[in-house]
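Shown next, in structure tokens, is the structure this report addresses.
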Amino acid sequence: MAVELCLLLLLFCGSTISEVQPIYKPPPGTLDFGFVPSKTYDTGAYHEPGSIGILFKIVHAFLYLVQPNSFPQDLIRKVAQQQLGKTQGDYQKAIYYEIGFIVSAALGLLFILLLPLVGLCFCMCRCCDNCGGEMHQRQKKNADCQRSCFATFLFVASLIISVGVLCAYAANQHLTNQVRGAKKLVNSNFKDLKIFLNDTPAQIDYLVSQYNTAKDKALSDLNNVGPVLGTRVQEQLGKEVRPALDAALTMAGAIRETKEALENVSVSVEVLQEGTERLHANLTDVKTHLSNTLNDSACNAAQAASTCNIIRNSLSQLNINANFSGLPGVSSQLAKVNDVLKIDLSSLVQKGYAAFNDTPDLVVNQTRNILSDIKSVLESIGSNITTFTKALPVQKILDDLMVYLTQSEAYVQDYFPLVEQYDFYRWLGCLILCCMVVLILVFYYLGLLCGTCGYDKHASPTTRGCISNTGGNFLMAGVGFSFLFSWVLMTVVVLTFVTGGNVEKLVCEPFEDKNLFKVLDTPYLLNQQWKNYLAGILFKNPNVNLTFEKVYSDCKENKGIYTSLHLEYLFNINEFLNISMYTEDVALKIEHIQINLSKIILLDEIGKENLLNFSSSGIDGIDFSAYLTEINKSVTKVDLLSFANDLEARADQLPKGALENALKGHANSIRMIHNQQVVPLEQAMSTLNQSIRLLKKTSSELMVKVKNVISAVNAAQFLINNNASQVIVQETKKYMDTIVGYFEQYTEWVKESIAMEVAACKPIANVIDTAVDIFLCSYITDSVNTFWFGLGGSSMFLIPAIIFAVKLSKYYRRMDTEDVYDDTENGNNGYHKEHLYGIHNPVFTSSVEQW
């Protein structure tokens, strides 16, 4: 049922679009479909052990020393296929891989067998007053040093045993705490799975609803077919139409400029002709008056004669230089241009612009019927999607899965107290084991405390105090319990070591580096007829490359279940929701759009005739060289201002008198003539110069220019009338690609959303991580391994503790007999001779050595 749900979740994810191959495929406007609604999962499939993690790392390092070999994939495959031993050397490889565990377990078994046997023999030996059982202590000079060393070694061994039992207790308590807290993690996983099921229909509805985004954008473009398609057609035709109209409009401006230039020429020539006549008359009068002045008797004087002669010789310069009376007129050309301007060519060109700019409106008017059909198709697509999704039994399947999930959760909740109860029994058993070690430690610590505090170095072995004797008894009690409990402790250590260590090396570590998945993905491993087991279960086609590792990795990355399980091999989405059928229908209807632009008139025959009349106006027949020759001349032969200044300077050279004043008066007259007549004439000549040059430029190849303008207009008109259909077809295809592109974006977005967001299977990966990585490995295996590591270390150090405790107890317990020495022999040791007290000395009659 879960598989069926995964398949049905994606029935409407869309398919590839129309296979129509356009000539040009522009990128359509990017659509914003928003984000697929998704809720945050609560489960964090990661366990941080806290401070006990240091112990876990130490245990992992120890296991690496015991078992440094890599994961035996080949051996595991053979075990799974029940083929272990069929190939020579398989058992040797297995033994080589497990050699560390085998040796360690063998040492543990040896410990289990030998330590009780040694304890039994030791007990029997002491009962026979051997092995230190005799209550007699031989005195030695280094007795204090030995006692201190034995006490120190026993204390150190006890400390190590204490650390080990603390580690075991911490691991035991950690496992219990995690089991008690596991209920919250289990509930979190169930909650995420429920979110996974409940959130999927909303995600599906969102994907379906976002079809309206593509549809609304397409409808918007269809409603604005004028600005969209019409503007595109206009832009393509405008590449030839607008330059042609611009040239015609430029020529209309040139006609107006030509008229103004001709008028300026006519007026300027008239002004120059009249002005030069007046100037000539005035200059003649000035020369006459100057000549009369120079004929005065004052000029005959020796001081003035040379100056007067110089002035007299320069009078010939006072004359006009340019002669405008012989220039031809331009009245006939002006009249023809005025006739041309009777028709407003600019207005005709603007009408052409207006007609061409109405292209979007023409497109709108001529596509009304087709666009209504396209809109109907788009509406039918949306209704079909809605109808199809409602017909799918997705909700029923989800409800069934939810019931199954709820039942599973209830089952777990019902049995969880039982799990806690069994865990309590386990915790209690492990606590009893720890208490066994603690009991031994209590005897050792009490023995060290009592023995150290009650020991009196001045007392003889037979006179030792009660506290010291009690300390020795505690030590021997600890030795007895060590022999009683050690084999039980080591049995538990060996069993948990072999089990927990192999689980860590064969399950946890391979799971972390995914080697375990590689074994599961071995072809024909789980089913000898199936190459890929997972694909065989889901698709009944074991040849599909679907692996456990890939599914787990994809779900770990929170990809959609469609991508993770490769559900495309199970069904073809196109068969359920084939949008290409509709988009092809839309494309065909768009291709049938017919747009007629023959009503657009860029420039009528009147305008073209007007241009031809302008070209034959005769401005190219004007004698521009004659004009330019006179224009390039100065108005007078000499600069009148310079002449007047020179005349005044020479008058200053003459003696003061009437002659000087008369000459200065003539200089002022010349200046006045310059300012009043020459300057206006120069301005008129400048205007004439500009106009003549403009006319010369305009008339240059005027007929060719006009014909080019008319040819360009005719070519643009021909394009509109005859070849516009090709442009319209081309732009219609682009327009079609834009509309279809919106649906392509929608389907691509749906595919990406289904691959990455819809029914994201992170909860499935979390369940696997929770079960294996957290429960099995982090909670159970790490805790069990730390428990046997601490308990095993404590058990191993019981052996040196037994030896040191037995040795040390001899120095704390009260002896029945002691050695007797002379005072000279034993010196100042505080011991009295034994015979003084009537105590029998067996040393003299026995040579038994102290154990």
Side-chain angles (χ1 to χ4, degrees), residues 250-290 314-342 614 617-648 665-700 702:
T250 301
M251 190 59 68
I255 295 174
R256 291 191 298 271
E257 292 176 354
T258 300
K259 175 193 174 183
E260 294 175 0
L262 289 173
E263 290 176 345
N264 290 335
V265 169
S266 179
V267 172
S268 297
V269 169
E270 184 177 353
V271 169
L272 288 172
Q273 288 176 348
E274 293 177 356
T276 52
E277 289 179 0
R278 288 197 305 271
L279 179 60
H280 179 68
N282 290 333
L283 289 177
T284 301
D285 292 341
V286 170
K287 284 194 296 183
T288 302
H289 293 137
L290 267 175
S314 64
L315 292 178
S316 60
Q317 297 177 358
L318 292 175
N319 204 347
I320 63 173
N321 190 33
N323 183 13
F324 298 98
S325 59
L327 293 178
V330 293
S331 57
S332 62
Q333 290 88 347
L334 180 59
K336 292 181 180 180
V337 172
N338 285 329
D339 291 338
V340 171
L341 287 174
K342 290 180 180 179
F614 173 64
S617 60
I619 61 174
D620 53 345
I622 298 175
D623 189 0
F624 296 106
S625 60
Y627 279 93
L628 293 175
T629 299
E630 297 302 324
I631 290 171
N632 291 331
K633 295 179 181 180
S634 59
V635 177
T636 58
K637 292 183 178 181
V638 68
D639 184 13
L640 294 184
L641 290 178
S642 299
F643 187 86
N645 293 334
D646 185 63
L647 178 60
E648 189 173 4
H666 291 307
N668 289 331
S669 299
I670 294 173
R671 289 192 184 96
M672 187 177 297
I673 291 172
H674 175 79
N675 293 331
Q676 294 180 354
Q677 298 184 35
V678 174
V679 171
L681 289 176
E682 289 177 345
Q683 292 176 352
M685 289 177 65
S686 176
T687 302
L688 179 61
N689 182 35
Q690 294 177 1
S691 299
I692 286 297
R693 293 187 183 278
L694 176 61
L695 290 172
K696 183 179 180 181
K697 179 181 178 182
T698 303
S699 64
S700 177
L702 179 60

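Here the structure is a predicted model, which means the values were calculated and not measured.
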*asked:* On a heavy-atom basis, which atom in Asn675 and which in Val679 lie closest, and how many Å separate them?
replied: O-CB, 3.9 Å
*Could you list the residues that satisfy side-chain contact (heavy atoms from CB on, under 4.5 Å) with Val267, not counting sequence neighbours?*
Val271
_Asn645 (side chain) donor-acceptor with Leu641 (main chain) under 3.5 angstrom_ = yes
*Excluding sequence neighbours, so at least two apart, what forms side-chain contact (heavy atoms from CB on, under 4.5 Å) with Ile622?*
Leu262, Val330, Gln333, Ile619, Phe624, Tyr627, Leu695
_Just verifying a value: how many Å separate Asn282 CG and His674 NE2, rounded to the nearest 0.5 Å?_
14.0 Å
*At what distance, to the nearest 0.5 angstrom, does OG1 of Thr288 lie from CG of Leu318?*
10.5 Å
*asked:* So, using side-chain contact (heavy atoms from CB on, under 4.5 Å) as the criterion, who are the partners of Gln690 when residues are at least two apart?
replied: Ser686
_With Asp639 via salt bridge (charged side-chain N to carboxylate O under 4.0 Å, His left out) - residues at least two apart_ = none
*Listed partners of Thr687 passing side-chain contact (heavy atoms from CB on, under 4.5 Å), at least two apart*: Asn264, Ser268, Ser691
*Name all pairs fulfilling the salt bridge (charged side-chain N to carboxylate O under 4.0 Å, His left out) condition that reach into residues 669-678, sequence neighbours left out, sorted by first residue then second.*
Glu648-Arg671
_I'd like to know whether His280 forms a side-chain contact (heavy atoms from CB on, under 4.5 Å) with Thr276, so could you lay out the CA-CA distance, the side-chain angles of the two residues, the decisive distance to 0.1 Å, and finally the verdict._
CA-CA 6 Å; His280 179 68; Thr276 52; over 6 Å; no
*Could you pull out the closest heavy-atom pair between His289 and His666, with the gap in Å?*
CB-CE1, 3.4 Å
*Drop me the distance from Leu279's CG to Asn319's CG, to the nearest 0.5 angstrom.*
8.5 Å
*In Å and rounded to the nearest 0.5 Å, what is the CD1 to NZ distance from Ile670 to Lys287?*
11.0 Å
*Is any side-chain heavy atom of Leu640 closer than 4.5 Å to a side-chain heavy atom of Leu283?*
yes
